[in-house]
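What follows is a short report on a single structure.
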Amino acid sequence: MKKYDDRDRNSILEYARKAQGLKISDMCTDAKAINPKDKGAVGNLIQESYFGIPRNSSSEPDFEKAGIELKAFGYWEDAEKPKADQRLALSKIDFMEFEKEVPFEQSHLYHKCKCMLMMAYLLKLGQKRIDSEIRYVRLYELDKIVSRDWKQIVNDYYTIMGKIHDGKASELSEGDTELLGAARTGDKNSKLEKAPKDDMALPRRFALKQSYVTYLLKEYIVPGNEFNKKVKCSTKEFHIKIPRGKTFEQWLNVIDGKYVGKTAVKLSRLKKIKKITGPISFTDKNAYSRIGLAMLGTTSNKDSYLQKTNTVVKSVRIQKNGKIKEKWSFPNFGVEDIVDQEWEESEIFMYLSEQRILMQIFVEEENGYVYKGHLFLKFTPEVLDEYVKQTWESFKKKVIEGISFVLELRGKGFEICSDVQGKTSGQIGLIKLHARDITYDIDRKHIHGDSREAEKILDDNTVNGRFVWKPQNRDKYGCKILNGDVITKQSFWLNNDFVLKYIRDKKPEIFSNIGEC
């Protein structure tokens, strides 16, 4: 007999709250049989063992009589701030449902997920997922969230539906939208499904993006705020304010109308921008980035709107010779974790498949760098499979088998190079070190010098058979690989020629008066 009234939302919510403080493994005797890598298994376990609802593939909400869908997800406490472990899967996309246009309120997505019982459990390093403790239980009702989030989720739905309806299901990217995404299920070898206009596409599902789930945790779930209350930004901070009634893209077009054609120097002197940036020195490498962010009314990519929508702003300077000035890196990732990861759960895949990169383009002319407008850079999983997966798998293999190093003399200093795969033809980017400072603690057999002088440097810094360099940076910038060597943190870097080609393909008019690549 159920310990709650499955027809009453309040009864279900009160019973769910009794699970707060419980470990997931305490709910079921056969919890040890769960695959620790299967993130969805936790939700199934809670559904079956705690609520007594048999696992099923029904298109109805889990609590059918009350119209509630159960959603369990993990999160980390990153520097005391919560971070969602994953996107929140909602419902499978039936491509053929959108052969005809379907209003949001009449969609299967809305029917199944208009009211979700969210149960968030805390993940800890070295702890199995099923031993996580349930910390927060909240009822998330789409009709009762703040109007801007509601409108954006609806707008995202129509963007996804429109693409499918127009025969472009195979071209879907999570970068197309802000809060609600069309996430791929399976991998590139999954069976293609029939879609409108004779299109065939890999299976996908609607999902709340990881960045949005993190936002909900930070602003609503953890502090206990109601979902219908607007988050107040500090009046002392500059932040993005999209005018009422406009989408982000529409607003960006308005901004371009104001600033396109102006030099960076002139932009830096505009009262509205100078108020945000303060004095600008163009000898600083972040000068153009600061100007670009100021055009949006903010000072940082940590702006709440940008983080909420998984958008990162990057300035691009195209020189007179047609080359790009900047080199782009993305957040560093846990090298230690890569050994146990598959490609589609890797930090690189998750980041690039969900991320929208807003490029603000400056082109060098006789009177300086001139702002030419914005362009979104986004990746489909299929593109990542083709052009990034091999780079990641090659790096993973090196981490498992061991990386070899060479100390090379460079002028008055030296550089430590590795045999990790470098730039190859057709590659989107490469993996290399990313830190403010370096640190190494590696077996002397794994590194050699390119000259006698280099070998002497190695010998002078070898202790007990290990080459040790800047050990004071280890805790902040180091990561340990399988063979025991400690190397500097790594990240994914986009290749300049890829970014240049992307801009040329999407905005060829920019290159009308500059050199060929």
Polar side chain donor-acceptor pair, Tyr477 to Asn332, under 3.5 angstrom
no
Can you see whether Trp493 has Lys327 sitting over its ring - NZ or CZ less than 6.0 Å from the centre and within 45° of the normal?
no
Do Thr439 and Arg474 pair up side chain to side chain, a donor and an acceptor below 3.5 Å, judged on atom types alone?
no
Got Leu179 and Lys209 here, is their nearest side-chain heavy-atom distance under 4.5 Å?
no
Per the ring-ring contact (aromatic ring centres under 6.0 Å, His included) rule, which among Phe405, Trp469, Phe414 passes with Tyr440?
Phe405
Keeping Ser394 on the side-chain end and Thr391 on the backbone end, is there a donor-acceptor pair under 3.5 Å?
no
Without hydrogens or angle criteria, can the side chains of Tyr305 and Glu178 be said to hold a donor-acceptor pair below 3.5 Å?
yes
Which heavy atom of Trp76 sits nearest a heavy atom of Leu123, and at what distance?
CE3-O, 3.4 Å
Which pair of heavy atoms, one from Leu384 and one from Ser353, lies closest together, and at what distance?
CD1-N, 3.7 Å
I'd like to know if the side chain of Asp460 and the backbone of Ile457 have a donor-acceptor N/O pair within less than 3.5 Å.
no
Just by distance, do the side chain of Asp94 and the backbone of Met96 share a donor-acceptor pair under 3.5 Å?
yes
Parallel under 30°, tilted from 30 to 60°, perpendicular over 60°: which one fits the rings of Phe498 and Tyr502?
tilted
Go through it in stages, so that I can follow the logic: the residues are Leu358 and Phe376, the test is side-chain contact (heavy atoms from CB on, under 4.5 Å), and I'd like the CA-CA distance, side-chain angles, deciding distance and then a yes or no.
CA-CA 5 Å; Leu358 172 58; Phe376 278 108; 3.9 Å; yes
Within a strict 4.5 Å, meaning less than it, do heavy atoms of the Tyr369 and Val363 side chains meet?
no
Less than 4.5 Å apart, side chain to side chain, heavy atoms only: is that true for Lys396 and Trp392?
yes
Between Asp199 and Lys168, does at least one N-O distance fall below 4.0 Å, as a salt bridge requires?
no
State whether Arg466 and Asp441 are salt-bridged, where the test is any N-O pair (Lys NZ or Arg NE/NH1/NH2 against Asp/Glu carboxylate O) under 4.0 Å.
yes
Answer yes or no: does atom CG of Asp198 have more than 12 heavy-atom neighbours from other residues, nucleotides or ligands under 6.0 Å?
no
side-chain contact (heavy atoms from CB on, under 4.5 Å) assessment of Cys479 paired with Ile487
CA-CA 6 Å; Cys479 46; Ile487 65 175; 3.9 Å; yes
Would you check if there is a donor-acceptor pair between the side chains of Tyr351 and Gln355 at a distance under 3.5 Å?
yes
Would you call Phe511 and Ile503 a side-chain contact if the rule is heavy atoms closer than 4.5 Å?
yes
Full working for side-chain contact (heavy atoms from CB on, under 4.5 Å) between Met200 and Lys194
CA-CA 5 Å; Met200 298 294 289; Lys194 185 178 179 182; 4.2 Å; yes
Check whether Lys71 reaches the backbone of Leu90 with its side chain - one donor and one acceptor, N or O, closer than 3.5 Å.
yes
Ignoring hydrogens and angles, state whether a donor on the side chain of Gln421 or Gln390 is under 3.5 Å from an acceptor on the partner side chain.
yes
Under 4.0 Å between a Lys/Arg side-chain N and an Asp/Glu carboxylate O for Glu133 and Arg135?
yes
dist Ile416:CD1 -> Glu408:CD (nearest 0.5 Å) comes out at 10.5 Å
Electrostatic pair Asp497:Lys501 at N-O distance under 4.0 angstrom
no
Does a sphere of radius 6.0 Å around NZ in Lys423 hold more than 12 heavy atoms from other residues, nucleotides or ligands, not counting ones at 6.0 Å or beyond?
yes
Got more than 12 heavy atoms from elsewhere within 6.0 Å of NZ, Lys92?
yes
Residue pair Val312 / Leu306, side-chain heavy-atom distance below 4.5 Å:
no
Side-chain touch Val499/Met359, heavy atoms, less than 4.5 angstrom
yes
With no hydrogens and no angle check, is any side-chain donor or acceptor of Gln490 less than 3.5 Å from a backbone partner on Thr488?
yes
Would you confirm whether Ser211, through its side chain, and Lys308, through its main-chain N or O, come within 3.5 Å as a donor-acceptor pair?
yes
Below 4.5 Å, heavy atoms only, C-beta onward: do Ser346 and Lys389 meet side chain to side chain?
no
Any Lys/Arg nitrogen of Arg184 or Asp385 sitting under 4.0 Å from an Asp/Glu carboxylate oxygen of the other?
yes
Can you tell me how the ring of Tyr371 sits relative to the ring of Phe362, calling it parallel under 30°, perpendicular over 60° and tilted otherwise?
tilted
Just by modelled atom types, is the Glu171 backbone N or O under 3.5 Å from a matching donor or acceptor in the Lys163 side chain?
yes
Quick check against the 3.5 Å criterion: does Asp256 have a side-chain atom that pairs as donor or acceptor with the backbone of Gly373?
no
Just by modelled atom types, is the Leu172 backbone N or O under 3.5 Å from a matching donor or acceptor in the Thr380 side chain?
no
Are Glu382 and Arg204 ion-paired here, with the side-chain N under 4.0 Å from a carboxylate O?
yes
Counting heavy atoms not belonging to Arg410, are there more than 12 under 6.0 Å from its CZ?
yes
Applying side-chain contact (heavy atoms from CB on, under 4.5 Å), run through Phe492 and Ile431 and close with a yes or a no.
CA-CA 5 Å; Phe492 185 77; Ile431 297 171; 4.1 Å; yes
Please say which of Thr298, Thr311, Thr309 ends up in a side-chain hydrogen bond (donor to acceptor under 3.5 Å, both in side chains) with Asp303.
Thr298
Out of curiosity, Leu208 CG to Arg87 CZ, how far, rounded to the nearest 0.5 Å?
11.0 Å
Can you confirm whether Tyr157 sits close enough to Phe206 that some side-chain heavy atom of one is under 4.5 Å from a side-chain heavy atom of the other?
yes
Quick one: do Lys378 and Glu174 make a salt bridge, cutoff under 4.0 Å?
no
Basic-acidic side-chain contact under 4.0 Å: Glu455, Arg444
yes
Just wondering, are more than 12 heavy atoms of other shown residues or ligands nearer than 6.0 Å to NZ in Lys262?
yes
Is there a donor-acceptor contact under 3.5 Å from the side chain of Ser404 to the main chain of His446?
no
Could you tell me whether Asp131 and Lys124 make a salt bridge, using a distance below 4.0 angstrom between a side-chain N and a carboxylate O?
no
Is Lys445 paired with Asp443 through a side-chain N to carboxylate O contact shorter than 4.0 Å?
yes
